[in-house]
Amino acid sequence: MRVVFAGTPEPAVGSLQALIDSDRHEVVGVISRPDAAAGRGRKVSRSPVAQLADENGIPVITPRRLGDPEAVDQLEQWAPECAPVVAYGGLVPASLLDLPTHGWVNLHFSLLPAWRGAAPVQAAIAAGDEMTGATTFRIEAGLDTGPVFGVVTERIRPTDTAGDLLERLAETGAGLLVSTIDGLEDGALIAVPQPTDGISTAPKITIDDARIRWDLPAHLVDRHIRAMTPAPGPWTTLGDLRVKVAQCSIVKDSVVSDSEERPAAGELLVTKRALMVGTQTDPIRLDVVQPQGKKAMAGADWARGARLTNGQALS
């Protein structure tokens, strides 16, 4: 089958590679988001998906909007039978939905209709879900509302960050996407409408959304930190200094010695071996932090170097 792949970030790379490796399908073109500045040097670079396409000699377009005349003309020239989409980051105009014979097939990293939207993996971890998965569905005018072709499930582990979980979903999802397109080519796959109950949404996450609230119970703080890791990165402040929290763990009462008073929400508790901060319930140990302008380091090392003391507060 002739396919045009739409995707941008690293989690989409495995799906494109699986389609390239398939002996049943031909990737005739790739659509990705425009080249963007990234890293400390803000160097403009291709998206991971565009880089993989370049390496395999596949033509790439990077329109600002998929409905731009030049992009539409190229799509019509490619004449795809199917257009798989994985984390593309742009909208497919309604006028283009029927251009591919079998439509646009989206691989979404949730069990639809749960967590429709841009950040389903982060939302599932923050909500404390025990199970999630990936879904292939046909794109229609609504946000992630189209009929479903297939599903794979994945258990959320107690220590999973969004990065950990997304890596596993990207791998299993790539297999699901290829098998979905196989089924469409065989004519053996029928899309099933999504249920009307169990709908939840996961809007795009901003930097402000990633700020840590220490006045919440410890289990919610832990979920939030894991959900925001690695991007956009959970953060807090000590005075005017912004500090990212890269890794943490909940400290049970038995770990805090009798001589150490339980810290209030946001207050630091500094010991020889650990840096802890209070929440509404149990303290959180800051295992790995990244103070603004510095590399990531152990929380205890930061405490020693910055001469942090008990009673200082994160906000």
Side-chain angles (χ1 to χ4, degrees), residues 1-8 11-12 14-16 18-19 22 24-25 31 66-67 75 79-156 165-166 168-205:
M1 185 182 292
R2 289 173 59 86
V3 301
V4 169
F5 183 87
T8 300
S15 290
L16 175 56
L19 286 166
S22 171
R24 296 187 58 174
H25 311 298
I31 308 165
L66 201 48
L75 276 168
E81 296 172 86
C82 186
V85 181
V86 185
Y88 167 54
L91 296 176
V92 180
S95 60
L96 295 180
L97 289 176
D98 294 328
L99 192 153
T101 309
H102 295 284
W104 300 73
V105 177
N106 189 205
L107 172 65
H108 185 75
F109 297 118
S110 83
L111 299 176
L112 291 172
W115 306 125
R116 294 172 176 171
V121 174
Q122 294 91 333
I125 291 176
D129 293 353
E130 294 183 357
M131 293 293 297
T132 187
T135 304
T136 50
F137 69 96
R138 180 161 182 163
I139 294 178
E140 58 180 27
L143 176 63
D144 299 335
T145 58
V148 170
F149 292 113
V151 170
V152 291
T153 59
E154 179 72 34
R155 183 170 296 280
I156 300 178
L165 182 55
L166 187 54
R168 299 201 304 276
L169 289 173
E171 182 177 352
T172 56
L176 172 64
L177 182 63
V178 173
S179 64
T180 295
I181 298 175
D182 289 348
L184 289 172
E185 184 180 46
D186 293 338
L189 203 55
I190 299 175
V192 178
Q194 293 184 33
T196 56
D197 58 347
I199 297 171
S200 53
T201 57
K204 184 177 180 179
I205 295 171

Student: Are V85 and L107 close enough that some pair of their side-chain heavy atoms sits under 4.5 Å apart?
Tutor: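 Contact flag for V85/L107 side chains = no.
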Student: State which residues pass salt bridge (Lys or Arg N to Asp or Glu O under 4.0 Å) with D197; sequence neighbours excluded, sorted by chain then number.
Tutor: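 D197: no salt bridge (Lys or Arg N to Asp or Glu O under 4.0 Å) contacts found.
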Student: Would you say L143 has more than 12 foreign heavy atoms packed within less than 6.0 Å of its CG?
Tutor: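 Enclosed: over 12 neighbouring heavy atoms sit under 6.0 Å from CG of L143.
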Student: Can you confirm whether D144 sits close enough to L112 that some side-chain heavy atom of one is under 4.5 Å from a side-chain heavy atom of the other?
Tutor: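 Answer yes - side chains close enough.
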Student: Below 4.5 Å, heavy atoms only, C-beta onward: do H25 and D182 meet side chain to side chain?
Tutor: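 The answer is yes; the side chains approach within 4.5 Å.
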Student: Considering non-hydrogen atoms only, spot the tightest contact between C82 and H102 and give its length.
Tutor: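 It is CB-CB, 4.3 Å.
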Student: Is any side-chain heavy atom of L111 less than 4.5 Å from a side-chain heavy atom of V151?
Tutor: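 A side-chain contact exists here, since the closest heavy-atom pair is under 4.5 Å.
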Student: I181 versus P84: any side-chain heavy-atom pair under 4.5 Å?
Tutor: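 Heavy-atom side-chain distance check passes, below 4.5 Å.
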Student: Flag the pair S200 / R116 as yes when at least one side-chain heavy-atom distance between them is below 4.5 Å, and no otherwise.
Tutor: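 Not touching, per the 4.5 Å side-chain cut-off.
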Student: Once you round to the nearest 0.5 Å, how far does CD of E171 lie from OG of S15?
Tutor: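 Output value for this atom pair is 10.5 Å.
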Student: Indicate yes or no: does R138 engage D98 in a salt bridge with an N to O separation below 4.0 Å.
Tutor: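 So R138 pairs with D98 through a salt bridge.
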Student: I'd like to check the salt bridge (Lys or Arg N to Asp or Glu O under 4.0 Å) partners of E81; sequence neighbours left out, ordered by chain and number.
Tutor: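 None.
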Student: So, applying side chain to side chain donor-acceptor pair (under 3.5 Å) with W115, which one of T201, T135, D129 is it?
Tutor: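 It is D129, the one option of T201, T135, D129 that forms the side chain to side chain donor-acceptor pair (under 3.5 Å) with W115.
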Student: Distance check, rounded to the nearest 0.5 Å: L176 atom CG versus H108 atom NE2?
Tutor: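 Those atoms lie 13.0 Å apart.
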Student: Kindly indicate whether the side chain of T180, heavy atoms from C-beta on, has any atom under 4.5 Å from the side chain of V105.
Tutor: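 Yes - at least one pair of side-chain heavy atoms lies under 4.5 Å apart.
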Student: Begin from the C-alpha positions of E130 and I156 and carry the test side chain to side chain contact (heavy atoms under 4.5 Å, CB included) through to its verdict.
Tutor: CA-CA 5 Å; E130 294 183 357; I156 300 178; 5.9 Å; no
Student: At their closest point, which heavy atom of A12 faces which heavy atom of F5, and how far apart are they?
Tutor: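 Looking at all heavy atoms of both residues, the shortest contact is O-CZ, 3.6 Å.
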Student: With E185, which residues qualify under salt bridge (Lys or Arg N to Asp or Glu O under 4.0 Å), at least two apart?
Tutor: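 E185 satisfies salt bridge (Lys or Arg N to Asp or Glu O under 4.0 Å) with R24 only.
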Student: About how many Å separate CE of M1 and CG of L184, when rounded to the nearest 0.5 Å?
Tutor: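 Result: 5.5 Å between the selected atoms.
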Student: Side chain to side chain donor-acceptor pair (under 3.5 Å), that's the test. Do E154 and T172 meet it? Break it down for me.
Tutor: CA-CA 9 Å; E154 179 72 34; T172 56; 4.7 Å; no
Student: Do you know the tightest heavy-atom contact between A118 and P203?
Tutor: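 Where A118 meets P203 most closely, the heavy atoms are CB-C, 4.4 Å.
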Student: So do P80 and V3 actually touch side chain to side chain, heavy atoms under 4.5 Å?
Tutor: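 When only atoms from C-beta onward are counted, P80 and V3 do not touch, as no gap falls below 4.5 Å.
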Student: When you look at F149 and V192, which way does the side chain to side chain contact (heavy atoms under 4.5 Å, CB included) test go after all the steps?
Tutor: CA-CA 7 Å; F149 292 113; V192 178; over 6 Å; no
